[in-house]
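Here is the structure we will look at, set down as structure tokens.
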Amino acid sequence: MTRKTTGIPGLDSMLQNGFPFPSAVLIAGEPGTGKTTLAVQTLFHGAKEGEKGLYITAISEPQWLVQKFLGSFSFYDQEMVEKGMINFIDLGPSIIKNPSDMLDMIKKKIEQCQPERIVIDPITPMTDLLQWRGETREFMHELFAYLKAFNSLAIITSEMSYDDISHSQESYMVDGVIVLSYPEEEKVRRKFLEVLKMRGTKHTTGRQLIDITDDGLAVQAGLR
Ligand SMILES: Nc1ncnc2c1ncn2[C@@H]1O[C@H](COP(=O)(O)OP(=O)(O)OP(=O)(O)O)[C@@H](O)[C@H]1O
Ligand SMILES: [Mg+2]
């Protein structure tokens with residue numbers, strides 16, 4: 001099986017040398033658990049290896065805001081952005097007016113960019129927009145099928161708690177699920193990463209402590 005290394009210290013060895021390729025992986029977690037950091041760190045890692053990356057967001061966090069926050073991490077490389085190796089795209093307010101066009105807009109961006117790594121961060125506002133039309137399931141089904149057929153590593157983040165994951169539609173549709181969490185235990189809040197599933201590969205189970213620093217996200221040494 002082909003693999004793509006993640007660029008997250010400690011994570012590759014948990015996954016037998018990286019994400020299966022091609023695959024769609026869901027990164028689920030509550031606000032501030034590190035979903036964007038993990039996803040974008042993986043994009044920049046790929047770009048260093050010569051793989052084009054595409055970051056797609058919609059309305060919840062404008063692209064310039066995301067880039068401003070990410071610019072403080074050591075893995076953020078403005079030159080990669082200027083060279084077009086990493087593309088940041090905000091689907092913008094137009095999707096509020098025409099939510100049903102969302103899938104076509106995403107496909108168009110992917111076809112224009114031809115990325116090897118794709119991040120959709122987060123998918124939650126997109127699915128929320130389609131909820132009242134009853135189009136969420138169809139959208140996700142088509143999106144994931146498209147992403148898999150595109151021969152890429154797709155990372156989709158979702159705003160979810162542990163309890164939501166087991167009965168969420170998206171976790172059934174993807175090849176892998178990673179959960180980030182920060183439970184309060186004995187009045188201390190620590191951050192964890194857990195690989196819940198990864199099709200076709202053995203992986204470390206159980207919550208692993210992580211650190212987020214200026215260098216990004218890392219699974220704590222000693223626990224790897
Ligand atoms: N330089 C840093 N050093 C240490 N911790 C940091 C640093 N930068 C960010 N963090 C931590 O990472 C968290 C932000 O992570 P990130 O934005 O990736 O989370 P997220 O899961 O995408 O959040 P959201 O759901 O709000 O989009 C911050 O809340 C903070 O705790
Ligand atoms: Mg985020």
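One-based numbering, in listed order, for ligands and for the atoms of each. In what follows, residues are counted from 1 in the order of the sequence shown. Predicted, not measured: the structure shown is a model, and the values here were computed from it.
Ligand 1 lies out of reach of S72, whose nearest heavy atom is not under 4.0 Å from it.
Residue contacts with ligand 1, taken as heavy atom pairs separated by less than 4.0 Å, involve T37 via backbone and side-chain atoms alike. Within the 4.0 Å heavy-atom criterion, neither part of Q41 lies near ligand 1.
Near F73, meaning under 4.0 Å from any of its heavy atoms, are these atoms of ligand 1: 8 (N), 9 (C). For ligand 1, the atoms sitting less than 4.0 Å from at least one non-hydrogen atom of K191 are 11 (C), 12 (O), 13 (C), 30 (C), 31 (O), numbered in the order shown with element in parentheses.
Taking 4.0 Å as the cut-off between side-chain N and carboxylate O, R189 and E30 do not count as a salt-bridged pair. By the 4.0 Å N-to-carboxylate-O rule, D175 lies close enough to K148 to be salt-bridged with it.
S152 places no side-chain N or O within donor-acceptor distance of the main-chain N or O of I118, the cut-off being under 3.5 Å.
In terms of protein heavy atoms, atom 1 (N) of ligand 1 is closest to D214 OD1, 2.7 Å. At the top of the distance list for atom 27 (O) of ligand 1, counting protein heavy atoms only, stands E61 OE1, 3.5 Å. Among all non-hydrogen protein atoms, the one lying nearest atom 20 (P) of ligand 1 is K35 N, 3.5 Å. Atom 19 (O) of ligand 1 has its closest protein heavy atom at G34 N, 3.0 Å.
To the nearest 0.5 Å, the span separating CG on L153 from OG1 on T2 amounts to 12.0 Å.
Screening Q220, R190, K191 for a side-chain hydrogen bond (donor to acceptor under 3.5 Å, both in side chains) with D211, the sole residue that qualifies is Q220.
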Can you list the steps and then say if E116 with K4 is a salt bridge (Lys or Arg N to Asp or Glu O under 4.0 Å)? CA-CA 10 Å; E116 272 123 317; K4 292 286 181 192; 5.5 Å; no
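Nearest approach of L217 to G34, heavy atoms of both residues: CD1-O, 3.7 Å.
For the residues G29, S74, G32, the heavy atom positioned nearest atom 29 (O) of ligand 1 is part of G32. Summarising the contacts of atom 6 (C) of ligand 1 with T33, L180, I212, T36, the nearest heavy atom is found in I212.
Among the atoms of T37, no N, O or S atom falls under 2.8 Å of the Mg ion (ligand 2).
By the 30° and 60° cut-offs, the orientation of the rings of F73 relative to F75 is parallel.
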